[in-house]
Q: 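Sharing a structure with you now.
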Amino acid sequence: VLAHEYLGRFAPDVLNIALRFLYGTCQGPGCMVPTERCDIDHRIPFPHGPTRGDNLGPLCRRHHTYKGHGILHWTTRPVAA
């Protein structure tokens, strides 16, 4: 599920569920917002980055906005599956 590349911008339900289970919380530094309240975000923005498990992860709305405004730079590597 995580290694497969999906078409389009949005993660399908099966990938969405897998990512939320894998991470558990927002991937912003020190953030503990549960993934159920997070957006699934591309590390390398779509369409340049693929819709695949290693390029997606949960960010709460605050950290997602920070990333969009260039305040947060998501440089951490994803959790090894």
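Here the structure is a predicted model, which means the values were calculated and not measured.
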Q: I need the Thr25 OG1 to Leu59 CG distance, nearest 0.5 Å.
A: 10.5 Å
Q: OG1 of Thr51 to CD of Glu5: how many Å apart, nearest 0.5 Å?
A: 7.0 Å
Q: Write down the atom of Tyr23, the atom of Pro58, and the distance for their closest heavy-atom approach.
A: CD1-CD, 3.3 Å
Q: Taking all heavy atoms of Ala11 and all of Asn16, pick out the closest pair and write down the distance.
A: CB-N, 4.3 Å
Q: Is it the case that one hydrophobic cluster holds both Leu19 and Val1, taking links as side-chain heavy atoms less than 4.5 Å apart, direct or via other members?
A: yes
Q: Considering residues, nucleotides and ligands other than Ile71, do more than 12 of their heavy atoms fall under 6.0 Å from its CD1?
A: yes
Q: Stepwise, does the side-chain contact (heavy atoms from CB on, under 4.5 Å) test hold for Arg20 with Ile40?
A: CA-CA 8 Å; Arg20 291 178 192 283; Ile40 297 298; 3.6 Å; yes
Q: From Ile44 CD1 over to Arg52 CZ, what is the distance, rounded to the nearest 0.5 angstrom?
A: 8.5 Å
Q: Going from OG1 on Thr35 to CZ on Phe21, what distance comes out if it is rounded to the nearest 0.5 angstrom?
A: 10.5 Å
Q: Quick one: closest heavy-atom pair of Cys60 and Cys26, and the distance?
A: N-SG, 3.2 Å
Q: Can you tell me how far the CG atom of Asp41 sits from the NE2 atom of His64, to the nearest 0.5 Å?
A: 3.5 Å
Q: Grab the two heavy atoms, one from Leu72 and one from Pro29, that are nearest each other, plus how far apart they are.
A: CD1-CD, 3.8 Å
Q: Could you state the interatomic distance from CD1 (Ile17) to CG (Leu22), rounded to the nearest 0.5 Å?
A: 13.5 Å
Q: State, to 0.1 Å, how close His42 and Arg9 come at their nearest heavy-atom pair, and which atoms those are.
A: CE1-O, 2.9 Å
Q: If you apply the rule side-chain contact (heavy atoms from CB on, under 4.5 Å), what do you find for Tyr6 with Val14, and how did you get there?
A: CA-CA 11 Å; Tyr6 299 88; Val14 67; 4.1 Å; yes
